[in-house]
Colleague: 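Attaching a single structure in structure tokens format; questions to follow.
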There are 2 protein chains.
Amino acid sequence: MANDGTQREFYCGLDAALSIVGGRWKFLILWQLAVQGPQRFGQLRRMVAGISEKVMIGALKELEADGIITRKDYRTVPPHVEYSLTSSGTSLAEALNPLCQWGYAHMEQIENRAEQLAAR
Amino acid sequence: MANDGTQREFYCGLDAALSIVGGRWKFLILWQLAVQGPQRFGQLRRMVAGISEKVMIGALKELEADGIITRKDYRTVPPHVEYSLTSSGTSLAEALNPLCQWGYAHMEQIENRAEQLAAR
DNA sequence: CGGTATCCGAAACGATACTG
DNA sequence: CAGTATCGTTTCGGATACCG
């Protein structure tokens, strides 16, 4: 690993990509925005079932800082904020497609694993 | 989201795939095995620079339980163990390729982000 | 050499209450 | 409705010592 003064070094594009879409929720948010189109905060949160408000907001901020999504605040009361993908976000979602396909094809294999791991 | 009694439900193939390759290290291990071919434990660990033994072993066990890699123990002394990809592992590595490409193409954008986040 | 066991701190996540 | 603040919990990764 080189050390040329930049804050982060990546071995391959993979850890750059996974630093964005890694974690438990962010890829789901990305996916929802890709499939459903632009969404309001509340809508989006209902689609990503189980996520807490706090984590949702944190994830959205990171995705925004990464240039993956855009936040549009209509500055009304009650508030109305809409999130949508940037072009980077769209291309990222496309790059995620093969992985998604792979996942579908191997779901049973993976679900069986869950039981094995339970016995750890 | 269906509920048919299985232990884990996946929204899309994506969280199935990321439940395997997520986390900080496992995708790097997968990648090394894909690029370099079968490797011994020590070799592999040197390639995935920075990982501790404990975490390495945990990651390898999970990947093995997931059917992504195979562990071959030569049962010699001193020990000689070799890890290699299964066919699932190979196809997973292939599915990861577009993501890797995307990452390379957006590295600068992402590295800049690191500085923004530092100011959070 | 490859692996186990244990302890520890940091980070991610989750629940709840509250605000403009 | 969208977001903040604060809490507690869980999960993950790092360090170290030890075993066959």
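Proteins get letters first, then strands, A, B, ... in listed order; numbering begins at 1 in each. The shown structure was predicted, so the numbers you read here are calculated from the model rather than taken from an experiment.
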Colleague: Trp102(A) and Ser91(B): which non-hydrogen atoms are nearest, and at how many Å?
Modeller: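 Scanning both residues completely, I find the closest heavy atoms to be NE1-OG, 2.8 Å.
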
Colleague: Nearest to the Val55(B) side chain among dA2(D), dG14(D), dA15(C), which nucleotide is it?
Modeller: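 Ranking dA2(D), dG14(D), dA15(C) by closest atom to the Val55(B) side chain puts dG14(D) first.
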
Colleague: Rounded to the Å, how far apart are Leu18(A) CG and dA12(C) P?
Modeller: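 Atom CG in Leu18(A) sits about 15 Å away from atom P in dA12(C).
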
Colleague: Would you tell me if any nitrogen or oxygen in the side chain of Arg40(B) comes within less than 4.0 Å of OP1 or OP2 on dC1(C)?
Modeller: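 Arg40(B) to dC1(C) OP1/OP2: no side-chain N or O under 4.0 Å.
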
Colleague: Side-chain N or O of Lys61(B) versus OP1/OP2 of dT4(C): is the shortest distance under 4.0 Å?
Modeller: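 For dT4(C), OP1/OP2 do have a side-chain N/O of Lys61(B) under 4.0 Å.
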
Colleague: Looking only at side-chain atoms of Glu53(A), point me to the closest of dC13(C), dT4(D), dG20(C).
Modeller: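 Taking heavy atoms from C-beta onward, the closest nucleotide is dT4(D).
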
Colleague: To the nearest Å, how far apart are Ile57(B) CD1 and dA17(D) C1'?
Modeller: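 It is 14 Å, rounded to the nearest whole Å.
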
Colleague: Test side chain to side chain contact (heavy atoms under 4.5 Å, CB included) on Leu85(A) and Leu30(A); report intermediate values, then the result.
Modeller: CA-CA 8 Å; Leu85(A) 291 185; Leu30(A) 179 68; 3.5 Å; yes

Colleague: Which whole-number value in Å describes the distance from Lys26(B) NZ to dC12(D) P?
Modeller: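 After rounding, the reported distance stands at 9 Å.
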
Colleague: Pick base, sugar-phosphate or nothing for Tyr74(A), based on heavy-atom distances below 4.0 Å to the nucleic acid.
Modeller: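 Nothing: the residue Tyr74(A), judged by heavy atoms under 4.0 Å, touches no strand.
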
Colleague: Under 4.0 Å between a side-chain N/O of Arg24(A) and OP1 or OP2 of dG14(C), yes or no?
Modeller: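 So the side chain of Arg24(A) is within the cut-off, an N or O lying under 4.0 Å from OP1 or OP2 of dG14(C).
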
Colleague: Is there a path from Val21(A) to Val35(A) through hydrophobic residues (I, L, V, M, F, W, Y) whose side chains come within less than 4.5 Å of each other?
Modeller: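 Same cluster: Val21(A) reaches Val35(A) through Ile, Leu, Val, Met, Phe, Trp or Tyr contacts under 4.5 Å.
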
Colleague: What is the distance, rounded to the nearest whole Å, between atom CG of Leu44(A) and atom P of dA2(D)?
Modeller: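 So the two atoms are 10 Å apart, to the nearest Å.
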
Colleague: Would you mind reading off the distance between Ile51(B) atom CD1 and dA15(D) atom P, rounded to a whole angstrom?
Modeller: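 So the two atoms are 12 Å apart, to the nearest Å.
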
Colleague: Rounded to whole angstrom units, what separation is found between the NZ atom of Lys54(B) and the P atom of dA15(D)?
Modeller: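 For the pair Lys54(B) NZ and dA15(D) P, the rounded distance is 11 Å.
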
Colleague: Between dG14(C), dT4(D), dC1(C), which one does the side chain of Pro78(B) approach most closely?
Modeller: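 Selected nucleotide: dC1(C).
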
Colleague: Nearest to the side chain of Trp25(B), which nucleotide is it out of dG13(D), dC13(C), dG2(C)?
Modeller: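 So the side chain of Trp25(B) is nearest to dG13(D).
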
Colleague: Nearest whole Å is fine: how far is dA2(D) C1' from Ile29(A) CD1?
Modeller: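 My rounded result for the distance is 14 Å.
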
Colleague: Assign each of Ser52(A) and Arg46(B) to its nearest nucleotide of DNA chain C by heavy atoms, then name whichever residue's nucleotide is nearer the 5' end.
Modeller: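 It is Arg46(B), whose closest nucleotide lies nearer the 5' terminus.
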
Colleague: Measure the CD-OG1 distance between Gln109(A) and Thr86(B) for me, rounded to the nearest 0.5 Å.
Modeller: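 Reported to 0.5 Å precision, the distance equals 7.0 Å.
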
Colleague: On DNA chain C, check which nucleotide each of Gly23(A) and Asp73(B) is closest to and give me the residue with the more 5' one.
Modeller: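 In this pair, the answer is Asp73(B).
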
Colleague: Expressed as a whole number of angstroms, how long is the span from Leu60(A):CG to dT4(D):P?
Modeller: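 For the pair Leu60(A) CG and dT4(D) P, the rounded distance is 11 Å.
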
Colleague: Which pair of heavy atoms, one from Arg45(B) and one from Ile51(B), lies closest together, and at what distance?
Modeller: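 Shortest heavy-atom contact: NE-O, 3.4 Å.
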
